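Report on the structure given below.
Just so it is clear, the model here is predicted, and its values are computed rather than measured. Residue numbers begin at 1 in each chain, while the letters A, B, ... track the order of the sequences.
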2 protein chains.
Amino acid sequence: MANRETLLKTQQVATALGVGVSTIKRWVDAGELKATRTVGKHRLISLSEALRFAGKAGHSTAALELLGLELANPILGMPHIDQDLCDRLVEALRQGRSTDARQLIHQGYIAGEGAVGLSDNLIRPVMEQIGHGWMMGSLDVFQEHEATQVLISTITELIIQVTKTQLDRNCLAIGAAPEGDHYSLAGLLGQLVLCEQGWEVRNLGSNLPLRSLALAVEEYRPRMVFLSVSYITDTDSFITEYGLFYEVASRMDVAVMLGGRALWSDLRTKLVYASFGDRMAHLAEFARRLLPSSASPRVASQSSAI
Amino acid sequence: MANRETLLKTQQVATALGVGVSTIKRWVDAGELKATRTVGKHRLISLSEALRFAGKAGHSTAALELLGLELANPILGMPHIDQDLCDRLVEALRQGRSTDARQLIHQGYIAGEGAVGLSDNLIRPVMEQIGHGWMMGSLDVFQEHEATQVLISTITELIIQVTKTQLDRNCLAIGAAPEGDHYSLAGLLGQLVLCEQGWEVRNLGSNLPLRSLALAVEEYRPRMVFLSVSYITDTDSFITEYGLFYEVASRMDVAVMLGGRALWSDLRTKLVYASFGDRMAHLAEFARRLLPSSASPRVASQSSAI
DNA sequence: TATTAAAACGTCCAAACCGACCACACGAGT
DNA sequence: ACTCGTGTGGTCGGTTTGGACGTTTTAATA
């Protein structure tokens, strides 16, 4: 499985579920909540398992609210991101039913087992479809704007909730989009992905001159910078500005991750960077390698309940 | 750092609402008060659900006790928006301490007794101060960007929280900023103010062509439109476009509220509108007059905790 | 590699919650 | 007044929870 699981500790799960740590330990021991153990007997619960447990019909939907997820009527027979979910989200956004859209996104967060699946399998195709509808004239600008607004607010909500359960944020990452690019959704999704991995993220938003980003790098000395480029005003000046920025980043030993649909492959050949990715999975994988070795704690054996 | 998703036990809710524990259990079992269950069948009631129920059932004073129950935990000085609070928020934003900034804003929301006070007495002066620092060169662009980003996410959080407790949203309002204006904070604050009054708000975001806004008005038939104008690319074309938009709005009998620092008084003489305001208090007052009969016994603040 | 602070472990127990049952208060209708 | 029907608050035995305790593991130092 390419998608390695984020592992949570008992304290994190307890906070997320709104119960005490002892209770989590008891539930794990009773087999209600599956967990692996480190060699030193510490319990590790995968994010997907926590979400599965949270959404389990008969037991407790409490957790969902705490993860920022609301399932008034938790249908979720088998949570999985599919075409149907995409279609329903597109339709909800088209009609501006923001509450429904929020619920569908939360559902996608569970089904996609985290931020990466949500971004790559739900948000991206949905926005492509909406963008397509806009091109074709079947959607108006204001519908695309409203959809973006709903997505931004929901992703922001997820970020806040995830941040709350990630207690120890060690590594610092900076996210931004360059001057002239006013698309902030990609930056938010990147922030969500990294927050979920335990990064501390400073999102500088969109439309940021690269020379100011260079200053930020010098000021904050982050471990990495992720730059989402959805639109470029002037290619030549972008290359120049980026070159100056990368010089600083390189000097400060900062990893630079590029992304965005404006960076065509022939343009990329003129840029220097640590990695490029047009999927959040790429960002996640790149970021994981940068984390201290701790990212993959040694697990001993599978849980032996009862 | 408890928030609105804090889960309450039956005893807590019973005490706050001034009824017996058995009654709470019965209400939950009857479905009148939504609750989740732990694995061990213990009922957990989210604070937002408790507040909603309290308001619906007429226990208006009880809601305050619920909040008091929240505010008792975190240490809080006297809630009041003053120069000190502004200074501390500016400093937190300057240094990018987003967690502290969020706390201060929440505190300002309580202290300012709602969205209007928060907007006019805290956010506005703070952003002016930051903008000033940027002009003077003591702040860089990225700091202003980061500050804006933190404010956006926090205001978004507040909007979601307020929306959760306001279930019966009757009147529809549309908010937007015109093409070329990428400043979205004002629109968010407006959304927060109106949500607090019980409006249903569709925020179409910034950079929206006015002709598309006209389409949205025809599609949604709102009671009012609030347009925040912080930047105008071309004054003449703006006047033209706005004229076309207002024609539609007028035909649909939609009240148009204008705001924003780009609308100087000599420009305003060339525009037709229902009202202009450069403070959220103006928007709030204007909107209140538009609401149905409701004498709107507004609770002082649907405050959230820190 | 050795050291150290923070966090998780297992165990135990008081406090709180569960469901079921009962006593009481209140209003409406033969 | 009497008797329902209904909604409330309280009690009881059994179960679940959450915090305290000293010990062990982890992760980030030096």
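Heavy atoms of other residues, nucleotides or ligands lying less than 6.0 angstrom from CG of B/D84 number more than 12.
Under the 30°/60° scheme for interplanar angles, the aromatic rings of A/F53 and A/W27 are found to be tilted.
Comparing the start and finish of the helix from C/dT1-D/dA30 to C/dG29-D/dC2, five pairs each, the helix axis swings through 30°, to the nearest 10 degrees.
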If a protein heavy atom is under 4.0 Å from the base, mark B; if only from the sugar-phosphate, S; if neither, -; do that for nucleotides 14-21 of chain D going 5' to 3'.
--SBBB--
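Contact check for B/L118 versus B/I155: side-chain heavy atoms found under the 4.5 Å cut-off.
Heavy-atom contacts of chain B under 4.0 Å fall on DNA chain C between two terminal nucleotides, which in 5' to 3' order are C/dC17 to C/dG19.
Take B/D29 and apply the side-chain hydrogen bond (donor to acceptor under 3.5 Å, both in side chains) test, not counting sequence neighbours, and it matches B/R37, B/R43. Residues meeting the side-chain hydrogen bond (donor to acceptor under 3.5 Å, both in side chains) test with B/Q149, sequence neighbours left out: none. Shown here are the side-chain hydrogen bond (donor to acceptor under 3.5 Å, both in side chains) partners of A/R221, two or more places apart in sequence or in another chain: there are none.
Judged purely by atom type and a 3.5 angstrom limit, A/Q12 uses its side chain to pair as donor or acceptor with the backbone of A/K9. When atom types are taken as modelled, the side chain of A/Y109 and the backbone of A/G117 share no donor-acceptor pair closer than 3.5 angstrom. Although no hydrogens or angles enter the test, the distance criterion places no donor-acceptor pair under 3.5 Å between the side chain of A/S212 and the main chain of A/L208.
In this structure, the CZ atom of A/R37 is 16 Å from the P atom of D/dT24, given to the nearest Å.
For an aromatic pair to be called close, the ring centres must be under 6.0 Å apart, and B/F142 with A/Y220 satisfies this.
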